[in-house]
Peer 1: 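There's a structure below that I have some questions on.
Below, chain A is the first sequence line, B the second, and so on; all start at residue 1. Quick caveat, the model's predicted, so the values are computed rather than measured. The analysis underlying the following values was restricted to heavy atoms, covering all of them including side chains, and did not include hydrogens, waters or symmetry mates.
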Protein chains: 2
Amino acid sequence: MSNDETPIRFGIIGCAEIARKISRAINLSPNSTLYALASRSIEKAHNFAIQNNLFSDSLKIYGNYSEILDDPFVDAVYMPLPTTFHLHWAILAAEKKKHLLLEKPTALNVEELDKILDACDKNGVQFMDASMWYHHPRTGKMKEMILDSKLFGQVKAIHSSSSYAPGQEFLENNIRVKPDLDALGALGDAGWYCIGAILWAMNQTLPTTVTALPNVARNSAGVILTCSASLYWEKEETVATFYCSFIAHETMDLRVYGSNGTCYLYDFILPFGEDSASFNFTSGAKFVDLHIGWNVKPQVVEVTSQLPQEGYMIQEFASLVKAIKFSRSKPESKWPHTSRITQLVLDAVNKSIDTGFQPVHM
Amino acid sequence: MSNDETPIRFGIIGCAEIARKISRAINLSPNSTLYALASRSIEKAHNFAIQNNLFSDSLKIYGNYSEILDDPFVDAVYMPLPTTFHLHWAILAAEKKKHLLLEKPTALNVEELDKILDACDKNGVQFMDASMWYHHPRTGKMKEMILDSKLFGQVKAIHSSSSYAPGQEFLENNIRVKPDLDALGALGDAGWYCIGAILWAMNQTLPTTVTALPNVARNSAGVILTCSASLYWEKEETVATFYCSFIAHETMDLRVYGSNGTCYLYDFILPFGEDSASFNFTSGAKFVDLHIGWNVKPQVVEVTSQLPQEGYMIQEFASLVKAIKFSRSKPESKWPHTSRITQLVLDAVNKSIDTGFQPVHM
């Protein structure tokens, strides 16, 4: 097999629910293959493989995380572990020269993330967090239209939300709200997307200040179930707000307000369906005479896709890994940078909450 | 003519651009008639009547505001004067027993508004501000669905915007940005709607705190061109944010996030078209298996209308006036209350801006 045809061999570390979706994506993506699977017990890994039709003679099954990292045929790992365990296992993966696709939130704070990124850097491995929506072709099309100064102009304001309401049992017992497992709660799980979307709209520029809003709700263990924040870019005079929650109806909004246009969608994290996705774009809207209506209505921009968005993510990640493995390319710095500034803003929201909603200067 | 068939006779005080739209609505509404018109000069009033096909032998034309108030046949006045002049002329109108439909923002601050409301109260006249969107049947239908606890649940968060970009000449010279005419700038002209929409979603309950966000832009005279704020209801743990601007593309968003559903629209202040209007509603949305899509998409709820929304407003106002005039009813307190709490929050936003974005307790 030539290098071009050699698929990147993925190992999955941790058989979380989300790993079902990613294992499917690894098999759908043309340049990757699911090579190995590790759980804390061999039975759990085995059952996961069977339940998801992944089992084959060539699939390696490991009953702990260390062995999969020692397997020399594993090129890259996808790691959907609880956030608390990222620091240890992500660094170990990098040290074992495994390229790293890490679930979000990437770490409990940026100090931890920096240690992970440092390990990736030292070991020459690609880092990417598993925020899938960046990789959907719809996202690229939106960016193209937002960057069109005639169509859209400058970004003036942004609003985003990420919420779902999984119910009372989840709010007390799910991994995502356990202080020893995912201490960032809804801010880490849902707010991560809002912060990422806002920074995406601002071309990955850090805001001047980050200020949490007072609507913080916590569970009995003190983990955040709901919060909001505003971000402000002084030079651009741009403001962004977001709302994230485990106790509100399913939403995933991104609305970008420009000087000449408006771009928005309600399924930015996960499109309503897999085959095609759309967003709304309005440009040059004015009142008609007598203010009895608008001259234009929002345009629905449809974007078709050959793969689900997580398939595009795997394809992009595997292609970067291939370039490193076969063409001695350097890891792409855009992805660790994107994760890092997202984590920085997330930390600032937390700090603002802890200091009674004071603005945190970045 | 029986009382039921007697139309309410409107006088318009001030030939602003918006008066064109309202004069049309007065003639469209079945229970009202345009009886008189006043401007600062008789020529201006005359030309306005001719240009808008209002001129007839029965239309009274006045070259000043006092005379129209002295006309005993005028039942009610619509007053689209610059905000600075509301205090004087609105009180005078009430004292002359004219029912008062007052353009928004109602006053420069709540102290002024209270004097106006007090005059209306003492003289037994109906007060209403001219926010048209409350009167569209779409607004009633949205409220009905939001109040359905199964469909929507509790309101958890709200986001609203009101923006348009009329250009550089406007930003320095228009009445709406003149400190001696409309000192509240974009907060008064555009933010009024956002605040009103947020309070509408919260059943006219005042928030616990109001905090302006730092993205304040002003023109050379110091009048606000852009601002944002967050509102917080402590008991309900609900947060609302809004963005208003004269330097961003035309938007008028209202998005209400509930525990079981989501309700939203992008033309809440002025529907895209006159014949029908719609909003989006989603309830019970969940991810489908493997998180590859949603189980439901937003439902588009269409609401047809017989009148433009300003026609419904005039009809509602005239019907209240009729009840007072012919059936000795008392003025409806809902409308002055709605205006007053909107003005209270608007004042709080201003105060928060003036105190360096500190929260203002209500």
Peer 1: Is it the side chain or the backbone of A/Leu213 that comes within 4.5 Å of chain B heavy atoms, both, or neither?
Peer 2: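 For A/Leu213, the contact with chain B is made by the side chain alone.
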Peer 1: Considering heavy atoms only, which positions within residues 272-286 of chain A lie below 4.5 Å of chain B?
Peer 2: A/Phe272, A/Gly273, A/Glu274, A/Thr282, A/Ser283, A/Gly284, A/Ala285, A/Lys286
Peer 1: Identify the residues of residues 148-157 of chain B whose heavy atoms come closer than 4.5 Å to a heavy atom of chain A, ordered by number, or report 'none'.
Peer 2: B/Lys156, B/Ala157
Peer 1: Counting heavy-atom pairs closer than 4.5 Å to chain B, which one of A/Gly293, A/Ser230, A/Pro298 comes out on top?
Peer 2: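 Ranked by heavy-atom pairs under 4.5 Å with chain B, first place is A/Gly293.
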Peer 1: Look at A/Ser245, A/Pro308, A/Pro359, A/Ser161 and state which one has the largest set of heavy-atom pairs under 4.5 Å with chain B.
Peer 2: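 When all of A/Ser245, A/Pro308, A/Pro359, A/Ser161 are compared, A/Ser161 has the most.
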Peer 1: A/Val288 versus chain B, heavy atoms under 4.5 Å apart: side chain, backbone, both or neither?
Peer 2: neither
Peer 1: Report the option among A/Phe287, A/Trp233, A/Tyr164 that has the most heavy-atom pairs separated by less than 4.5 Å from atoms of chain B.
Peer 2: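 Heavy-atom pair counts peak at A/Phe287.
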Peer 1: To the nearest 0.5 angstrom, please state how far the CZ atom of A/Arg255 sits from the NE2 atom of B/His159.
Peer 2: 8.0 Å
Peer 1: Is the shortest side-chain N to carboxylate O distance from B/Asp267 to A/Lys297 below 4.0 Å?
Peer 2: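 A/Lys297 and B/Asp267: not salt-bridged.
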Peer 1: Starting at OG1 of B/Thr238, measure out to OH of A/Tyr243 and round the result to the nearest 0.5 Å.
Peer 2: 7.5 Å
Peer 1: If we define contacts as heavy-atom pairs under 4.5 Å, which of B/Thr211, B/Val239, B/Val296, B/Thr209 has the most with chain A?
Peer 2: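 Of B/Thr211, B/Val239, B/Val296, B/Thr209, B/Val239 has the most heavy-atom pairs under 4.5 Å with chain A.
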Peer 1: Kindly compute the distance separating CG (A/Asp289) from NZ (B/Lys21), expressed to the nearest 0.5 Å.
Peer 2: 10.5 Å
Peer 1: Do B/Asp253 and A/Tyr264 have side-chain N/O donor and acceptor atoms under 3.5 Å apart?
Peer 2: no
Peer 1: Please state whether the side chain, the backbone, both or neither of A/Glu310 comes within less than 4.5 Å of a heavy atom of chain B.
Peer 2: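 The side chain, not the backbone.
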Peer 1: Nearest 0.5 Å, please: how far is CH2 in A/Trp294 from OH in B/Tyr266?
Peer 2: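 Between B/Tyr266 OH and A/Trp294 CH2, I get 11.0 Å after rounding to 0.5 Å.
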Peer 1: Can you say whether A/Pro214 sits under 4.5 Å from chain B via the side chain, the backbone, both, or neither, judging by heavy atoms?
Peer 2: both
Peer 1: As an exercise: rank A/Ile292, A/Asn295, A/Thr241 by heavy-atom pairs under 4.5 Å with chain B and give me the winner.
Peer 2: A/Ile292
Peer 1: Atom CG of A/Asn215 and atom CD of B/Glu237: how far apart are they, to the nearest 0.5 Å?
Peer 2: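 The CD atom of B/Glu237 is 8.5 Å from CG of A/Asn215, to the nearest 0.5 Å.
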Peer 1: Heavy-atom cut-off 4.5 Å, strictly under: side chain, backbone, both or neither for B/Ser259 against chain A?
Peer 2: both
Peer 1: For the candidates A/Ala217, A/Ser163, A/Pro271, A/Pro166, which exhibits the highest count of non-hydrogen atom pairs separated by less than 4.5 Å from chain B?
Peer 2: A/Pro271
Peer 1: Taking all atoms of both residues into account, what is the closest heavy-atom pair of B/Thr262 and A/Glu250, and its distance?
Peer 2: OG1-O, 4.1 Å
